[in-house]
Amino acid sequence: MIQNMSFIASNSLQTPSVSWSGLLPAIILAAAAILLLTICSLTPIKITNQQLTIYTCVAAVGSLVATIPLWLRVQDESRGPFSTISGAFGIDGFSLFVTMLLTVSVILVSCLAGVFLKSEDIEGPESYVLLLLSATGGIIMAGANDFIILFLGIEVLSISAYVLAAMNLKRIQSQEAGLKYFVLGAFASGFLLYGIALLYGATGSTELTAIRNFLVDTELTNDTLLLAGLALIIVGFAFKVAAVPFHFWAPDVYQGAPTPFVAYMASAIKAAGFAAMLRVLYVTFGQYRADWQPVIYGIAIATLLLGSLLAIVQTDLKRMLAYSSISHAGYLLVGTQAASDQGVAAVLFYLATYAFMVIGSFAVISLNSGPAGTETDLNSVTGLANRKPMLAIAFTVFLLGQAGIPLTSGFFAKFYVIEAVIEEESFGLAIVAMLAAVIGAFLYLRILVKIWLTNQETVSEEGKMIVIPKQVSFVLTIATIVTLFLGVWPEPLVEMVQRAVPVLMAS
Amino acid sequence: MGLLTIFAAALPETSFPAIPVLVLLPAFGAVAVALTPNARIGLHKLLATVFTGITGAISVWVLTAFESNGDYQFLSEQTWVDSLGIQWLAGIDGISLFLVVLTGLLFPFVVIAINPHHDHKAYYIWIQLLQTGCMGVFVSLDLFMFFVFFEIVLVPMYFLIGKWGHGNARYAATKFFLYTMLGSALMLVSIISLVVLHSKNAGTDLTFNLIEIASNPAISTTSARIIFLGFALAFAVKVPLFPVHTWLPDAHTEAPTAGSVILAGVMLKLGTYGFIRFGLYLFPEASHFFAPLFITLGVVGIIYGAIVATMQKDLKRLVAYSSIAHLGFIVLGTFALNTQGIQGATVQMINHGLSTGALFMLVGLIYERRHTRQISELGGIQKSAPVLAGTFTLVMLSSVGLPGLNGFVGEFLILLGAFTAHRWWALLAATGVILAALYLLWAYQRVFHGPENGADDQDNTTPDLTNWERLTLFPLIAGIIFLGIYPKPMLDRIEPAVDKLVTHIEETIGDDSFTEPVPTVQIRQSFTDLLEQTHETHEDNTHSGGHE
Amino acid sequence: MEAVTFFIAALIAVAGACGVVFLKNPVHAALSLVATLFGVAIHFINLEAYFLAVVQVIVYAGAIVILFLFVIMLLGVDRAESMETDPIIGQRQIALLATVGLLILGTLIGVAFSGDVTGIPPIEAQQSTFDGGLVIDNGSIDEGIPPQQNIKEIGRGLFSTRYVFALEITALLLTIGVVGAVVLTRRPKSALDPLPDEEPSAIMRNSEEELAETPSEIEETPTEETGKSDTENLSNEESEVIGE
Amino acid sequence: MTLALTIGTEYYLALSALLFTIGAGGLLVRRNPLIMFMCIELMLNAANLAFVSFGKEMGDLGGQLSVLFVLVVAAAEVVIGLAIVVAVMRRRPKASIDEVSVLRG
């Protein structure tokens, strides 16, 4: 804590104690990134994309493995969650779950990225470095127990993502997507930061624990400043997770950015954004839930309906999935709105299952989009079932999953969210969410019709020649298996998310 | 993994885990077909026949092993998602028994009798998955499990209609999918609300167990009514009841013959069965409260279906609209809320499955011969294809409800039940029977009599049924006749369960019941006597097959 | 005295901000941004954040604005001037959002002048009652702390509290900045995809025959400097005209 | 002339709110990416001012420390933003980004 700071008599500097094992997952990713950068700038040998992919996967797996002893420790009744560096970074089931989710998405995305970068003839380790650093930012966000740390985590995550979106220098769309993403992302950061400043003024600290304790102990005579700060923070988060009415960047960015990194945005960045949002809203400002719940309620309804309605009228696959991802953000907001442990668990379940489905979907799209990666029109999947049956089956599983058809993980995710929100007796929201699911189903049916029920008039040579590289088929297999397995047997993940309840720990 | 444990757990309880096998065997069949090479069309059909055939055989075994009491039998239980109170809980009682048997037998029949024109492998996969879904719905005693199966049937049916259908099949398939999904989306909200409210009010853990929820009505009347409407909407769409029926004609018309047969035979029953099993059982009070609404809708459906059917130019569409009328009857019987009505509804579900299934088969055969379903372009088939015409007549009469054929039994019971409860509605509904006779006979006249259109200029006349087709149609015809003449074994098995349900309803709604309990045994007895008297001269080759 | 400084500095800052928004020339805008930054720096001194005031001038005015100017010059002032993107969203929404912005402003100013700003007790009472994790520096309120003390405190704050973690994260941020800048300004090796919007117009200019022959030439040559590729396109066109 | 006015936190807060609004409004109204970036700097500066003035009122150093980190973030953001602009402008040599937008909201 900061109390004693200005009166430290001695000149010796006492640095706070650090639990290195607690920080290990983040450290492994960051160190791997820096090490890679160093190696590549020092050695003249060309490192192939495949080697880089393997390196990144190994780093991410290392990070994933490092979370396991932590998870066991945190679940241990006698030890429980803890925080380190004077309470700056909390290690609880929640942050560890999000960490695992992020590392898994890094593994899957780096496999896709390897193939993509090779086909686009982009060399160099930078995209992998940025991917790793971005995930580090996500981990920091998930565990941040201080608004400043949270803000820095968001910036690490997003600034890397801006670069990744603009990565493909050959295509102007990519840079324009990057530009748009950057401008609006920075705009959102501005809101978030100003909100943090106001909250700092209202509560006297940027530390989440202190804020929560302050709000619990103190009856504010005038909470205007606090509410203004809260509103600005919600706006900032809403931008980051692409919730209506702050969603308009998403379709453009999704369409223009390189497909593997779009998969990363839709899975990992969304997960990190919701993790931060849940920790701030549910845990820190749980006392003020009566004030923020209606706002989230409204945003959720608008996001659900607008996302699924606008998705229907699109003709580009990536834009369709962008709008559908907006609509999925609506579901996550529904879970957030519940403001209960069950709601948090549901959101985590949703995030985890959605990550696999969306990465899988974008993997299919990036395979199917031709050599230049530009053929993402809806018609590009026409007759996919005839050309590449396995690819079509995998895509179908992902689409049905996103539509929420039973025996896919997507159904159980929706079910869980609705269950959580009904337990809080928001029946209206539950009904709207299910209506949005029906509207959304139309979108997925449109794609399915093209895949299965439409015969291609002219089979182009290129179209026939889809070769599925090993890494991508690995990603597709994993995603399909997870989607189906969790659809039939969701119990393991349910148990896990129910233990991943966020807590705030002082140092 | 989960499925294996379900198997393992089912073993010690009963000597033979009939229900898991019934549900999962077709799914394994689908996997087996999926693993065979694309080109081996014969093998695909063989595998599908074997797997659905064994399922059918087991369903017949279930029929014989079934004891005529009102309890759930062959129970199989296994935890699924423990933390949310979701389990695999399945059982069969008198109400679901015959639907299980129908599902078990209709699918192998369809697999054997009807060949797809293309994409054989995918076709057999979807057909078998569809059987798994339908079977699952009829045996589910857990609300979550029920919903999963209720919703999953959409996918195979969607592909069956969309890929093997005719004309505007994709439109029809999408419409079918979205309509039914809209209904079930709200049902999901209702299910969860029911479960959550129940656990909150009763102070128990979350449970989706149907029996537990029904036995402990903990939620308030108002919320029960609202939740009931959520369920009812899903079932009404699936039935389909009058204002939400518009998907049915499209789906039926564009679907391939197999799709139509299954749709009419089994899938429409998901809705009516849902009304009885989940609507009435879980919400007796709400069912009673809303009964006038549903009876009205049912009667409107009967009249409307009949009138619209009269005006149809497409033979298949005509049969589809006649389906709406028949299902109106079933809903009418269900919401009479007395033993005769519900029993009649249950019987009529089976009957409708047989008759309308057979009608769609025959329409499919006619279409194969003449390549048109336009009534105006058909005609005079009777001359060149007398057996086809004769079979059509029989099936059509069963559909009209001619005494001595199966349709009569159900309709009679339903009208009896409805008459006890609401006599004016019953009278109105009875006119539906007359209308049915009208439009079906008229259609018959136009299709089978008169000059044979289109056959004059070309040399070929309509070929009659082949021996193979006669053989495949035989089980349906046998069922139609047997159930028409000797429905007693069926009624005996259905009755205890229905009685139990009616008692449950009467206990809940108390004395102000509008249903006047009629001495049921007496009526049924006299009814079967009447049947036997009337038709003892009727030559019946199926009598020996009865097990009594 | 404090009031006078405040209002003068506030005037500079607001005028600078308005300049950023309303001046057409990006160079002028950047310079008025400097004015705002200076104004804020003066406020920092007023608020006894001496170290920050210095850093504000050095980092913001000295580095960031210079970076802006550098890029403006690199791109060419005239081009930077006309460099207008599509509105992020339609004009109407902009108007709407501007109204919303004004509403936010109004609310915030209202909040600011509504007496007890924060719900925190007034300063006098606060010293004894408030314990929300704050440091109450008695000296700073009455006499003001000397600048050296401020720097020392900031140093301690950075390294002996949770902020040390934040400090480490900034290292990542700066790394990303470097890597990102390198990646984005590198020249791609292989051929560029055609520009979507200009392509049709370029094709329109050619006659049908040449269109059949020279579709590949329409693509930009990747490695050339911007001006050069312009001239090349021109010379292509010229030669084609001569060829006719 | 002497001003008897004491400048409390609310004055700083009002100023910072004004700067923030100008920045946010400018970002929405202006279409030149460079100016938009400058507007983002304005927004961040407004937040800085709020941080420092709150810190002063509460006698907490946290506000000043936060500003330091915001400075780093601002620097990193500007670097990336400008790099993206340079990359875009290199692909679009014919200046006006008016025509640039392939992607429309």
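All values below were derived from every heavy atom in this structure, side-chain atoms included, with hydrogens, water molecules and symmetry-related copies excluded. Just so we're on the same page: letters track the sequence lines, and every chain starts at 1. This structure is a prediction, so every number in the text was calculated from the model and none was measured.
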Measure from the ring center of B:Phe208 to the ring center of A:Phe415 and say whether it is less than 6.0 Å. yes
Measure distances from A:Ala433 to the heavy atoms of chain B and classify the residue's part below 4.5 Å as side chain, backbone, both or neither. neither
Checking the side chain of B:Trp80 only, and the main-chain atoms of A:Val488 only, is there a donor and an acceptor separated by less than 3.5 Å? yes
Which of residues 144-154 of chain B have a heavy atom under 4.5 Å from any heavy atom of chain A? B:Phe144, B:Phe147, B:Val148, B:Glu151, B:Ile152
What I'd like to find out is whether the side chain of B:Arg170 reaches to under 4.5 Å of the side chain of A:Lys450, using heavy atoms alone. no
Contacting moiety of B:Leu188, where chain A heavy atoms sit under 4.5 Å: side chain
At a heavy-atom separation under 4.5 Å, does B:Val189 approach chain A through its side chain, its backbone, both, or neither? both
Heavy-atom distance under 4.5 Å between the side chains of A:Phe427 and B:Ile226, does that happen here? no
Can you find a pair of side-chain heavy atoms, one from B:Asp82 and one from A:Val494, that are under 4.5 Å apart? no
So what's closer than 4.5 Å to chain B heavy atoms on A:Glu419: side chain, backbone, both or neither? both
Quick check on B:Val196 against chain A: is it the side chain, the backbone, both or neither that has a heavy atom closer than 4.5 Å? side chain
Are B:Thr174 and A:Arg446 side-chain neighbours, meaning at least one heavy-atom pair lies under 4.5 Å? no
Shortest non-hydrogen pair, A:Met434 vs B:Ala185, comes out as CG-O, 3.5 Å
Side chain, backbone, both or neither: which part of B:Ile191 has an atom under 4.5 Å from a heavy atom of chain A? neither
Where on A:Leu400 is there a heavy atom nearer than 4.5 Å to chain B: the side chain, the backbone, both, or neither? side chain
Heavy atoms, side chains only, cut-off 4.5 Å: are B:Ile192 and A:Glu423 in contact? no
Could you tell me whether the side chain of A:Leu453 reaches within less than 4.5 Å of the side chain of B:Tyr158, counting heavy atoms only? yes
Is there side-chain contact between B:Leu84 and A:Gln342, with heavy atoms separated by less than 4.5 Å? yes
Minimum-distance pair of heavy atoms, taken over all atoms of B:Met181 and A:Ala437: CE-O, 3.9 Å
